[in-house]
Colleague: 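First, the structure itself, so that you have it in front of you.
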Amino acid sequence: MASQHGAPPVFNNKVVAWIDHRLPIFSYLEKEYHTFPTPRNFNYFWNFGAIATVMLVLMIVTGIVLAMNYTPNSELAFDSVERIMRDVPSGWLIRYMHMTGASFFFAAVYVHIFRGLYYGSYKAPRELLWMLGVVILLLMMATAFLGYVLPWGQMSFWGATVITNLFSAIPVVGDSIVTWLWGGFAVDNPTLNRFFALHYLLPFIIVAVVALHVHGSNNPLGIDPKGPQDTVPFHPYYTMKDGFGLTVFLIIYAAFVFFAPNSLGEPVNYVQANPLVTPNEIVPEWYLLPFYAILRSIPDKLGGVIAMFGSIALLFVLPWLDTSRVRSCTFRPIYKWFVFVLVIDVLVLGYCGAHPPEGGFVIASRLATIYYFFHFLVLLPILGKIERPLPLPPSIADAVLKKKAV
Amino acid sequence: MRRSIVSGVLALAALGMGTVAIAASDEPELKEQHWHFKGPFGTYDRAAAQRGFQVYKEVCSACHSLNLLSYRNLEQLGLNEAQVKGIAAEFQVPDIGDDGSAIERPARPSDHFKKPFPNELAAAAANGGKAPPDLSVIIKARSGGPDYVYSLLTGYVPFDQLKPEQIKEFHVTKDDNFNLYYPGHRIAMPPPLADGKVQYVDGTKNTLDQQVRDVVEFLAWASEPHLEERNRTGIRVILFLLALSGLMYAVKRQVWADQH
Amino acid sequence: MVATGAMAAVGAIATAWPFINNLNPAADTLALSTVEVNVKAIAVGQAITVKWRGKPVFIRHRTPEEIKEAEAVKLSELPDPATDNSRVTDTAKKVRPEWLIVVGVCTHLGCVPLGTKEGDPRGEYGGWFCPCHGSQYDTSGRIRKGPAPKNLLVPDYLFSSDTLVKIG
């Protein structure tokens, strides 16, 4: 919806008016989050962007407070985390919130991405929004990887070793890059210290990218709003709906924080890092498992690295891979089922990633990897051209009112 | 609405991925026990934990450190300040004297539990090359948690009771300690506990099973001292959020009334 | 609607509290908030320094002359008037004039005054002398001369026996 350059909002409060005249933050908030004409037909999938933002803030606040007691030194890190759990007032709560919060942040973002894939939110004119979103996902993955190293448990250390070692696959300069990343000849104190500095930094870069990313919205029908009958003001309609969705999400989050905080993690990370003993399995946290499976499915080291980064890189060009003229899968009777196949494919990849690459898991992860690339590089371009979409309703209001009449 | 349910289930399934435990195909199942502290209403059995502390002090502490705990933490188990001071004072801990030389002095409640060995290398050297692990978070550090530790401590099989296939498959000799639940089955630690080993002051029957249960209760508390507060707070938070979400739903319906 | 807003506000404050409380001293810091000292080895006329809450604490075993000197001072002469008696009373209200326990931090700008060790200058009043800006304390640790505004702080202490004192 184009912004109206009409009369600026008038504020009754003199202090607010004084500030706004000099720095229009209140007008901005009024325009973007109060009167903003938002499509009236959002479903609950549209809550997850707001939920993800709340989780980002929660991670930053818990993270800063944890950093007040954490020591990023390889001799002291593990004990400092345990000190937070035992001696620091409410330290156990904030640590578990941060640990579980990472999982729920990713969960919210994955549902948010699913919404984008299903409803064609990545299509024109939102290509840049989508690409910024992929940047956010990459930054999140980097932040999560760096953060997991900090407690300096066995999985922290060995996960860091495995993933940094990947860069040695780069021809010619690979080994130098790895030494440069480590700051030494193996993952050790210099690595930990710099990972802490970067882990503290990246979330604020995520905030900046999120600020650019939050611009306008698609809707479940994928057709543009044509007038005020198609929209409602953001407040109170979506502030209250988001508030409700957020509260339900927090119930599930609280259930994990208070009653199953270690269920999403690995017990072996409660063993202090030992460079001389490798754990039986080296696995990342659940939200990185699909990519881990893609990495391991290619028998060649460099090939695996390229496939893994490629699986995210191709998301950047998704708006151009999809040739369909229709945005929302509501009107794409064939493709909509393939979106569900993709979801199942990613779940299969995740399941394979959690298991050692033996036996049936090898075949399964290779087939799943093949389908993943097939879906984006072959299926999307072809299907967009040959699929016959269902007829689009004339407008959002029409579709909503028709539903009401039924 | 249907889509929300489907995706909700998928999201939960995705979360569940992380909980996939890698179960070995031919390993015996852990002996699942009923623990006082399991579940959302779980609490620690203080009497059992105190007996468990006695077991740790008299048997385990010879080799296993409990680095992350301080003697003052024992007050949480129901011991009073004087008792804790007395227990701490039984141990000599290293310190630096006024002239800078290394000395030993009686421990204070604020000190961490005394280490049986000054460092990891000494611990390994004194124990056939393998350092006995620190027990502060052992319950959280092993898949299966309390059931694993219970099974392990009650899972020793003497050499003369082993089947020939077991001896062959796992290369067991007479000098090895065979444990059904330890990965690889040959564990460096000989059976630490037996019937009647620790004399309980409260008169509880000191069978192997009882001693193991008690020490597991103690170690569970040591791993997660704030469990009871966590459970209590969790119930309050979830009840609060349930009520709040009910109200929020009502508000949402009210706001959207003219659109529906 | 109002009820929901109120409930949400209560929830927000209840959530904020653990974060604010998090900055309060941790259990291990609090465990070091008292220190127990056996004073048997301190001879009459001797003084020692112990560490308490990160600061030095002087424990002086005063001689009878030092006690008499401290008791004889007129309150009107003192920049920060206080009786000697009030400065040697423990938290159980028992007076032990031979034991003076003061925090060894000058009340001017925080330097550690000299006078505890053998051979240290003690200033004109026989107590302590702060080398940073010349504050002088008497045998009761009270400020007599110099820029310091207050007497050396007497911490809470309790003698559990004649030779064992718990400070803090």
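Just so we're on the same page: letters track the sequence lines, and every chain starts at 1. This one's a predicted model, so the numbers in the text were calculated from it and none came from an experiment.
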Colleague: Among C:V10, C:D28, C:L32, C:T15, single out the residue with the greatest number of heavy-atom pairs under 4.5 Å to chain B.
Modeller: C:D28
Colleague: Tell me whether the count of non-hydrogen atoms from other residues, nucleotides or ligands lying under 6.0 Å of NZ in B:K115 goes above 12.
Modeller: no
Colleague: Heavy-atom cut-off 4.5 Å, strictly under: side chain, backbone, both or neither for B:A250 against chain C?
Modeller: neither
Colleague: Work out which heavy atom in C:M1 is nearest to a heavy atom in B:V255; give both atom names and the distance.
Modeller: CE-CG2, 4.4 Å
Colleague: Within a radius of less than 6.0 Å around NZ of B:K85, do more than 12 heavy atoms belonging to other residues, nucleotides or ligands occur?
Modeller: no
Colleague: Side chain, backbone, both or neither: which part of C:A14 has a heavy atom under 4.5 Å from chain B?
Modeller: neither
Colleague: For B:Q76, is the CD atom crowded, meaning more than 12 foreign heavy atoms sit under 6.0 Å from it?
Modeller: yes
Colleague: Using a 6.0 Å cut-off, check whether atom CD of B:E81 has over 12 heavy atoms from anything other than its own residue.
Modeller: no
Colleague: Grab the two heavy atoms, one from C:T4 and one from B:L247, that are nearest each other, plus how far apart they are.
Modeller: OG1-CB, 3.6 Å
